[in-house]
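Proteins come first, then strands; the chains are lettered A, B, ... in the order of their sequence lines, and each starts at number 1. Predicted, not measured: the structure shown is a model, and the values here were computed from it.
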Amino acid sequence: MDATTALQWTTWLGALSTIQVALGWLSQAKLFREPGLLAWSVLRLRAAKRRRPRLTEAVTPLVGYHGVLVQLALRVILAGFTMWPSLPAAASALACTALFCLTLLWKWRQDPFAVNGNDQMHMLLWGSLALVHLGTWWFPDEKVSHLCLWFLTAMVLLSYATGGLAKVVDANWRGGKVFGQLHEVGVLRDLAATRGLCQAPWCHVAAWTVIAFELVAPLVLFLPPNVVVAVLCGLLLFHVVNAWLLAIQDFTLAWLTFFPAVYYTANSF
Amino acid sequence: MALPFSQAPWTLVCTALWSGWFLVSLAAQLFPRHRMIRALRRRDPFGLIPGFRFFSETESIIRIQVSHDPEGRHWQTLPAYNSFSWWTPLWNSASRRDHLVTAYVVGLIELAEKVPVTEHHERALLWTPYAALSAFCREQAARQGATQVRFRLQRAPVNAANPSFTVVFCSPSLSVRETR
């Protein structure tokens, strides 16, 4: 896989992930309407305290009920636009820059209660792709694509390693209690298998498997290509199972977006 | 393997940007409580510095119970995410509301505990979950045909330093009280 192909796959998967997330929020538009949980009249309390009140007033049309619906629709349209084959560099650059700005505006509005991991990954993705396409437009240089894929790989592997490190210092994860607690409060899907996960010795096995999987993920860079594919398939399965058991569906595609970059970078080594 | 560096100015700009972004992100994951990282996060309203500590903050695991009688005698535990199905990995938009309620409840519990949500969020921030949940309670009460809904929010016991406690959140009186 060359850098152009890897970037193309990254763009397609990222666009699909962005569309999935934006459509998901659009289907829950009532949350943004008064007196929904994400109504601007509530969130602006935080914004007015943290930032200049005049600035908050100025951006209200952009982030109020209608503004946020327009933002989400724009994200769907622009993400679909980036999937178009053989798009001119200028159009790609403008679309990716707009998606990056929209992601930042979304994060600013929703922070900290409704910002998810997928928003962070979209920010990294569209920001990096904007730099690549701006480069292609203004200063054509193939090396920027390589650097972009390296950066995306570094960030996604950092996300796994951080998750593993944070869990390994947590007594509940080390002691295998976390699945029991998640099941007790209804976060974990109620199945015979998950009830089994809450009891020894399976709770320890499952907790340490997750920790080990996340901690060793960065080592994928030093593995042969065939093994890299197997590890990436394992990581995909890990995300699908998480999404199925924990109702965190947006994470799967958002992380899958970075896998072409990981495959490319691992092969480069 | 040769490093793909060149003297092209755009390559240098990108190299500097991506290197800086990665190094700051790495430092923020390794030393989240360092004063320089906290200062950087305070000056980062768009969240350019990511946080990757997913599902490791087990103190955020809470139980939400609801009672429709004014005395709060019969409590019923609300399922955290009430929509599981085979297509959940791809599409489960209804879970967004449940995730939000959980996030606000965690904020409210932290208000009762009088500690900041995270290092970089001011105390004033915590009025946001309070206001959001009050609207949510009113909506729930109206839907159930009740005049008052009580929410009991209970954090799962974690360890001796972090005992379990309960916050009772009544609508429409909007009072928060805690019982340890």
Side-chain angles (χ1 to χ4, degrees), chain A residues 20 24-25 27-28 31 35-39 42-43 45-46 49-51 104 107-108 111-115 117 120 123-124 128 131 135 138-139 141 143-144 146-148 151 154-155 158-159 162-163 166-167 170-173 178 181-182 184-187 189 240 243-244 247 249 252 268-269, chain B residues 1 4-6 8-11 14-15 17-18 21-22 25-26 29 45-48 50-56 58 61-63 77 79-81 83-84 88-93 95-97 100-101 103-104 107 117-118 121-122 124-125 127-129 131-132 135-136 138-139 156 158-159:
Chain A
Q20 180 204 29
W25 282 115
S27 73
Q28 297 289 309
L31 291 172
L37 286 168
L38 287 172
V42 169
L43 294 185
L45 294 174
R46 174 263 296 145
K49 289 284 181 189
R50 291 179 72 191
R51 291 115 201 177
L104 290 187
K107 286 173 93 261
W108 177 82
D111 180 68
F113 301 108
V115 171
Q120 301 190 90
M123 171 190 72
L124 295 170
S128 304
L131 285 175
W138 291 334
F139 313 101
D141 187 352
K143 294 183 174 74
V144 176
H146 299 276
L147 287 170
C148 174
F151 170 70
M155 291 306 268
L158 177 65
S159 77
T162 305
K167 288 180 182 72
D170 187 325
N172 284 306
W173 272 96
V178 72
Q181 292 176 353
L182 288 171
E184 191 188 340
V185 298
V187 172
R189 193 177 184 135
V240 171
W244 194 59
Q249 71 286 351
T252 311
S268 305
F269 274 66
Chain B
M1 180 189 168
F5 293 162
S6 79
W10 190 252
T11 309
C14 290
T15 306
L17 276 174
W18 282 324
W21 204 351
F22 174 71
S25 302
L26 177 66
Q29 313 309 315
F46 297 110
L48 286 165
F52 293 130
R53 304 167 75 84
F54 308 116
F55 271 92
S56 50
T58 47
I61 295 170
I62 43 93
R63 183 205 322 269
T77 300
Y81 311 125
S83 46
F84 286 114
T88 299
L90 279 177
W91 186 261
N92 190 13
S93 60
S95 69
R96 286 160 205 268
R97 195 198 70 164
L100 271 174
V101 171
Y104 284 137
V117 176
T118 63
H121 294 125
E122 303 91 340
L125 253 178
W127 290 103
T128 311
F136 180 71
R138 278 195 293 270
E139 186 193 334
V158 175
N159 50 44

Check: Passes side-chain contact (heavy atoms from CB on, under 4.5 Å), A:Q249 versus B:W91? Steps please.
Finding: CA-CA 6 Å; A:Q249 71 286 351; B:W91 186 261; 5.8 Å; no

Check: Sequence neighbours excluded, which residues qualify as side chain to side chain donor-acceptor pair (under 3.5 Å) partners of A:T162?
Finding: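 With sequence neighbours excluded, A:T162 shows a side chain to side chain donor-acceptor pair (under 3.5 Å) to no residue whatsoever.
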
Next item on the list: With a 4.5 Å cut-off on heavy-atom pairs, point out which of A:T252, A:L31, A:V115 contacts chain B the most.
Entry: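 It is A:L31.
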
Margin query: Test of understanding: with side chain to side chain contact (heavy atoms under 4.5 Å, CB included), list the residues that count as partners of A:W138, not counting sequence neighbours.
Written below: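 Here the qualifying residues are A:L134, B:W10.
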
Checklist line | Interface moiety of B:L48 toward chain A, non-hydrogen atoms closer than 4.5 Å | finding: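 For B:L48, the contact with chain A is made by backbone and side chain together.
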
Item checked: Proximity breakdown for A:S27 and chain B, heavy-atom pairs closer than 4.5 Å ->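 It is the side chain, since no backbone atom gets that close.
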
Check: By a 4.5 Å heavy-atom criterion (distance strictly below it), what part of A:Q20 contacts chain B: side chain, backbone, both, or neither?
Finding: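 For A:Q20, heavy atoms of backbone and side chain both lie under 4.5 Å from chain B.
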
Check: Are A:L131 and A:V144 side-chain neighbours, meaning at least one heavy-atom pair lies under 4.5 Å?
Finding: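 Answer no - side chains too far apart.
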
